[in-house]
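Keep in mind that the numbers below use all heavy atoms, side chains included, and drop hydrogens, waters and symmetry copies. The chains referred to below are lettered A, B, ... by the order of the sequence lines, with proteins before strands, and numbering in each begins at 1.
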Number of protein chains: 2
Amino acid sequence: MSQPTAARDGLSVGEAAREAGVSIDTLRYYEREHLLRTERTPSGHRRYSPGDLEWIAVLTCLRETGMPIRRMREFATLVGEDDDATIGARIDLLAEHREDVLRRIRELEANLAHVEGKIAYYRGRSAG
Amino acid sequence: MSQPTAARDGLSVGEAAREAGVSIDTLRYYEREHLLRTERTPSGHRRYSPGDLEWIAVLTCLRETGMPIRRMREFATLVGEDDDATIGARIDLLAEHREDVLRRIRELEANLAHVEGKIAYYRGRSAG
DNA sequence: CGTTGACCTGGACCGCGCTCCAGGTCCTAC
DNA sequence: GTAGGACCTGGAGCGCGGTCCAGGTCAACG
């Protein structure tokens, strides 16, 4: 209990989930969706390396910016090919995503202004 | 055909949908969800007034900023009560939503920086 | 050795926000 | 009067991104 699993190299799925701030089911789901591959212990338990955790952080970042799983799979495939010839494609994909995110931020800001206008309107109305 | 429906007062659901930039099904769905009430012609067809269109624009703005339907229903209920005593509650709801949106914008911006970092990394790798 | 808890799999299920469909009505134009 | 198109209803279906469950295995502890 003092050093629960530090000696094994790699974290269990439960530990990795806690570290990464996602659910165990999400990690397994990502694997089914081919966003992630993991080593297994001889008995079939998943083991997560520090590199895996970094990759999960990348996935989480893409998800939080609204990238669909389908698109994340494309990216994961490019990265998984581990071929420098795919680097251009990776940049293109990320750059396109960047534009999407910027567009969405601008949309949010525009709509936010309307919400604020509405708030101001109600404040005026309640003040009489 | 030259003045299709301008003489009737109020737009048909198809016309309103086109004006508002949403689908006919969405308008009917919003009505089922009690976000919207509409007048009906004697034969039961929906009629949308300019005020209805303004309200639809508000709903669309809230949706585009990610407000769940459930919450929109709360707001619609407050507005529908048409009682100045609910104005404080409307302000509170919108102000809370405003905070949510601001939070999400900040999150997006933070994650965007990571995406940009990744792009820069790949650019370096492909140049180097 | 038995118990306990974390893990495995395949597959069903969920909440969300629509979207589509069948079967019917209604209105206009020819 | 009949053809066409827009409308009505209730309810099923969909894509997404997980989430949950049953039934079984594995690992560490006492």
Side-chain angles (χ1 to χ4, degrees), chain A residues 1-48 52 56 59-76 100 104, chain B residues 1-48 52 56 59-76 100 104:
Chain A
M1 269 308 185
S2 49
Q3 285 277 72
T5 49
R8 282 184 332 231
D9 81 345
L11 302 181
S12 71
V13 68
E15 291 159 346
R18 199 173 336 107
E19 280 301 292
V22 300
S23 77
I24 291 175
D25 274 312
T26 294
L27 288 180
R28 296 204 271 236
Y29 169 64
Y30 282 3
E31 205 168 327
R32 273 205 292 285
E33 294 296 323
H34 307 292
L35 304 183
L36 190 56
R37 271 157 301 128
T38 57
E39 295 298 317
R40 298 296 182 110
T41 64
S43 64
H45 288 201
R46 292 170 177 83
R47 293 282 84 146
Y48 294 82
D52 291 336
I56 293 167
L59 293 177
T60 300
C61 168
L62 295 178
R63 268 305 298 141
E64 284 180 350
T65 45
M67 185 183 284
I69 298 291
R70 180 178 3 99
R71 195 111 174 97
M72 287 168 65
R73 184 158 46 232
E74 289 176 39
F75 186 59
D100 290 346
R104 287 191 24 249
Chain B
M1 271 307 186
S2 47
Q3 285 275 72
T5 49
R8 282 185 330 234
D9 81 344
L11 301 181
S12 72
V13 67
E15 291 159 346
R18 200 174 334 107
E19 281 301 291
V22 300
S23 76
I24 291 175
D25 274 313
T26 295
L27 289 182
R28 297 204 270 235
Y29 169 64
Y30 283 2
E31 206 169 323
R32 273 204 291 283
E33 294 296 324
H34 307 292
L35 304 183
L36 190 55
R37 273 157 300 129
T38 57
E39 296 297 318
R40 298 298 181 109
T41 63
S43 63
H45 287 201
R46 293 171 177 82
R47 291 282 87 144
Y48 294 81
D52 290 337
I56 293 167
L59 293 177
T60 300
C61 170
L62 296 178
R63 267 307 299 140
E64 284 179 353
T65 45
M67 184 183 286
I69 297 293
R70 179 179 4 97
R71 196 112 175 93
M72 287 168 63
R73 185 160 41 233
E74 289 176 39
F75 185 58
D100 289 347
R104 289 190 23 248

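Distance CG (Leu27(A)) to P (dA6(C)): 16 Å, rounded to an integer number of Å. Between Glu31(B) atom CD and dG10(D) atom C1' there is a gap of 14 Å when expressed in whole angstrom units. Computed from coordinates, the Ile24(A) CD1 to dC21(D) P distance equals 14 Å when rounded to whole Å. The separation between Asp25(A) atom CG and dC16(D) atom P is 20 Å, rounded to whole Å. Atoms CZ (Arg32(B)) and P (dC20(C)) sit 13 Å apart, rounded to a whole Å. Put simply, CZ on Arg46(A) is 15 Å from P on dA27(D), counting in whole angstrom units. Counting to the nearest Å, the C1' atom of dT9(D) and the NE2 atom of His45(B) are 11 Å from each other. Distance, Met67(B) CE to dC18(C) P: 14 Å, rounded to whole Å.
Proximity of Tyr29(B) to the phosphate of dC20(C): no side-chain N or O atom is located under 4.0 Å from OP1 or OP2. Proximity of Thr26(A) to the phosphate of dG17(D): no side-chain N or O atom is located under 4.0 Å from OP1 or OP2. Between Ser43(B) and dC26(C) there is no side-chain N or O to OP1 or OP2 distance below 4.0 Å. A sub-4.0 Å separation between OP1 or OP2 of dT19(C) and a side-chain N or O of Ser23(B) is present. Arg63(B) has a side-chain polar atom (N or O) that falls below the 4.0 Å cut-off from OP1 or OP2 of dC18(C). OP1 or OP2 of dT9(D) has not a single side-chain nitrogen or oxygen of Arg28(B) nearer than 4.0 Å.
Between Tyr29(A) and the options Ile69(A), Leu36(A), Leu35(A), a side chain to side chain contact (heavy atoms under 4.5 Å, CB included) holds for only Ile69(A).
We find that Arg18(A) and Glu15(A) are not joined by a salt bridge, their nearest charged nitrogen and carboxylate oxygen being 4.0 Å or further apart. The pair Glu31(B)-Arg73(B) fails the salt-bridge criterion, with no side-chain N (NZ, NE, NH1 or NH2) lying under 4.0 Å from an Asp/Glu carboxylate O.
Comparing Gly14(A) and Ile69(B) along DNA chain C, the residue whose closest nucleotide (by nearest heavy atom) sits nearer the 5' end is Gly14(A).
Within the 4.0 angstrom heavy-atom criterion, only backbone atoms of the sugar-phosphate kind lie near Arg40(B); the bases stay farther away.
Around CZ of Arg37(B), the count of heavy atoms belonging to other residues, nucleotides or ligands within 6.0 Å does not exceed 12.
Between Ile56(A) and Tyr30(A) there is no side-chain heavy-atom pair separated by less than 4.5 Å.
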